[in-house]
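Sequential numbering from 1 along the given sequence is applied to the chain's residues.
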Amino acid sequence: EVQLVESGGGLVQAGGSLRLSCAASGFTFDDYAIGWFRQAPGKEREGVSCISSSDGSTYYADSVKGRFTISSDNAKNTVYLQMNSLKPEDTAVYYCALALLACGSNWSLLDEWYDYWGQGTQVTVSS
């Protein structure tokens with residue numbers, strides 16, 4: 001059974017940083033993407049970033065480009081999302097998800113491609 005467990009959320013002041021982790025287990029897929037998504041109250045879920053397992057290719061939404069960095073530690077089966085220069089509008093529940101595709105363009109941040117989801121972790125940025 002595929003399991004994705006997020007951690008690292010919390011409360012931070014604007015301009016601060018957080019690092020989210022997504023621990024993945026229970027699968028033997030060779031090529032896949034791990035994506036980070038977020039959903040703020042009253043808003044639709046938004047794709048934030050993704051990374052491919054095969055070659056480490058990444059993609060970012062324009063709203064986080066230059067501030068967020070996605071990375072992976074294959075030995076630990078863990079994907080990280082380093083979030084710097086946080087803004088109040090980054091406040092949301094952040095989810096990681098797994099898709100059987102490569103990450104590399106805007107369509108790879110569409111949640112319809114992702115079959116497995118974690119339970120989410122809350123990120124709150126105060127002004």
Side-chain angles (χ1 to χ4, degrees):
E1 178 186 0
V2 177
Q3 286 194 323
L4 302 169
V5 180
E6 303 96 335
S7 61
L11 173 64
V12 64
Q13 288 188 333
S17 299
L18 282 175
R19 188 178 80 157
L20 305 183
S21 299
C22 173
S25 63
F27 62 92
T28 57
F29 307 129
D30 291 329
D31 297 316
Y32 57 90
I34 296 289
W36 283 99
F37 295 79
R38 65 186 182 185
Q39 188 165 22
K43 294 188 177 181
E44 292 188 355
R45 189 161 55 193
E46 172 191 19
V48 173
S49 182
C50 61
I51 187 167
S52 293
S53 67
S54 57
D55 61 2
S57 59
T58 60
Y59 192 80
Y60 297 90
D62 288 342
S63 58
V64 305
K65 203 172 293 183
R67 299 188 298 122
F68 292 10
T69 302
I70 193 169
S71 62
S72 64
D73 183 334
N74 290 337
K76 296 182 178 180
N77 280 344
T78 300
V79 170
Y80 304 98
L81 186 69
Q82 178 67 43
M83 305 186 297
N84 298 329
S85 302
L86 283 162
K87 305 174 181 180
E89 51 263 43
D90 294 318
T91 295
V93 178
Y94 283 70
Y95 301 89
C96 65
L98 184 150
L100 298 179
L101 51 70
C103 168
S105 66
N106 57 353
W107 58 262
S108 54
L109 291 184
L110 297 177
D111 57 7
E112 63 200 69
W113 295 108
Y114 289 77
D115 297 313
Y116 306 96
W117 292 81
Q119 82 289 350
T121 185
Q122 177 71 46
V123 171
T124 302
V125 184
S126 63
S127 57

Asks: Heavy atoms only: give me the nearest Tyr114-Leu110 pair and the separation to one decimal.
Replies: CD1-O, 3.4 Å
Asks: Kindly compute the distance separating CG (Leu11) from OG (Ser126), expressed to the nearest 0.5 Å.
Replies: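 These two atoms lie 5.0 Å from each other.
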Asks: Above 12 or not: heavy atoms from other molecules or residues under 6.0 Å from CD of Glu44?
Replies: no
Asks: State, to 0.1 Å, how close Ser63 and Glu46 come at their nearest heavy-atom pair, and which atoms those are.
Replies: OG-OE2, 3.1 Å
Asks: Let's go through Gln119 and Glu6 carefully: what are the C-alpha distance in whole Å and the side-chain angles of both, what is the deciding distance for side-chain contact (heavy atoms from CB on, under 4.5 Å) to 0.1 Å, and is it a yes or a no?
Replies: CA-CA 7 Å; Gln119 82 289 350; Glu6 303 96 335; 2.9 Å; yes
Asks: Answer with yes or no after comparing the ring centroid distance for Phe37 and Trp117 against a 6.0 Å cut-off, counting only values under it.
Replies: yes
Asks: Check Ser52 against Cys103 and note the closest heavy-atom contact, atom names and distance.
Replies: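 It is OG-N, 2.6 Å.
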Asks: Flag the pair Val48 / Leu109 as yes when at least one side-chain heavy-atom distance between them is below 4.5 Å, and no otherwise.
Replies: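 No; the side chains remain at least 4.5 Å from each other.
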Asks: May I ask you to test the Asp31-Leu100 pair for a side-chain heavy-atom distance under 4.5 Å?
Replies: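 No - every pair of side-chain heavy atoms lies 4.5 Å or more apart.
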Asks: Which of these passes side chain to side chain contact (heavy atoms under 4.5 Å, CB included) with Cys96: Leu4, Thr121, Val5?
Replies: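 The side chain to side chain contact (heavy atoms under 4.5 Å, CB included) with Cys96 is passed solely by Leu4 among Leu4, Thr121, Val5.
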Asks: Report, as yes or no, whether the 6.0 Å neighbourhood of atom NZ on Lys65 holds more than 12 heavy atoms from other residues, nucleotides or ligands.
Replies: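 Count over threshold, so yes.
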Asks: Under 3.5 Å, which donor-acceptor pairs link side chains of residues 70-79 to any protein atom two or more places apart or in another chain?
Replies:
residue, atom, partner, partner atom, Å
Asp73, OD1, Ala75, N, 3.1
Asp73, OD1, Lys76, N, 3.3
Thr78, OG1, Lys76, O, 2.9

Asks: Test side-chain contact (heavy atoms from CB on, under 4.5 Å) on Leu98 and Asp115 and set out the steps.
Replies: CA-CA 6 Å; Leu98 184 150; Asp115 297 313; over 6 Å; no
Asks: According to ring pair (Phe, Tyr, Trp, His ring centres under 6.0 Å), who are the partners of Tyr32, at least two apart in sequence or on a separate chain?
Replies: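 Tyr32 satisfies ring pair (Phe, Tyr, Trp, His ring centres under 6.0 Å) with Phe27 once adjacent residues are dropped.
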Asks: Honestly curious: do Met83 and Tyr60 fall in one hydrophobic cluster under the side-chain, below-4.5 Å linking rule?
Replies: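 Same cluster: Met83 reaches Tyr60 through Ile, Leu, Val, Met, Phe, Trp or Tyr contacts under 4.5 Å.
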Asks: How close do Ala92 and Ala40 get, heavy atom to heavy atom, and via which atoms?
Replies: CB-N, 3.8 Å
Asks: Are Val125 and Leu18 connected into the same hydrophobic cluster when the rule is that any two of I, L, V, M, F, W, Y join if their side-chain heavy atoms are below 4.5 Å apart?
Replies: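 Looking at the clustering, Val125 is in the same group as Leu18.
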Asks: May I ask you to test the Cys50-Trp36 pair for a side-chain heavy-atom distance under 4.5 Å?
Replies: no
Asks: Is it the case that the side chains of Glu1 and Ser25 hold a donor-acceptor pair, with the cut-off being a distance below 3.5 Å and no angle test?
Replies: no
Asks: Could you check whether any side-chain heavy atom of Ser49 comes within less than 4.5 Å of a side-chain heavy atom of Phe68, counting everything from C-beta outward?
Replies: no
Asks: Quick one: closest heavy-atom pair of Leu101 and Trp113, and the distance?
Replies: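 Nearest pair, atom of Leu101 first, then Trp113: CD2-CB, 3.3 Å.
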Asks: With the side chain counted from C-beta on, respond yes when Val2 and Phe29 share a heavy-atom pair under 4.5 Å apart, and no when they do not.
Replies: yes
Asks: Kindly state each residue pair satisfying side chain to side chain donor-acceptor pair (under 3.5 Å) with at least one member in residues 81-104, sequence neighbours excluded.
Replies: Ser17-Asn84, Arg38-Asp90, Arg38-Tyr94, Arg67-Asp90, Gln82-Asn84
Asks: With respect to Val123, which candidate in Leu20, Leu81, Val93 satisfies the side chain to side chain contact (heavy atoms under 4.5 Å, CB included) definition?
Replies: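 It is Leu20, the one option of Leu20, Leu81, Val93 that forms the side chain to side chain contact (heavy atoms under 4.5 Å, CB included) with Val123.
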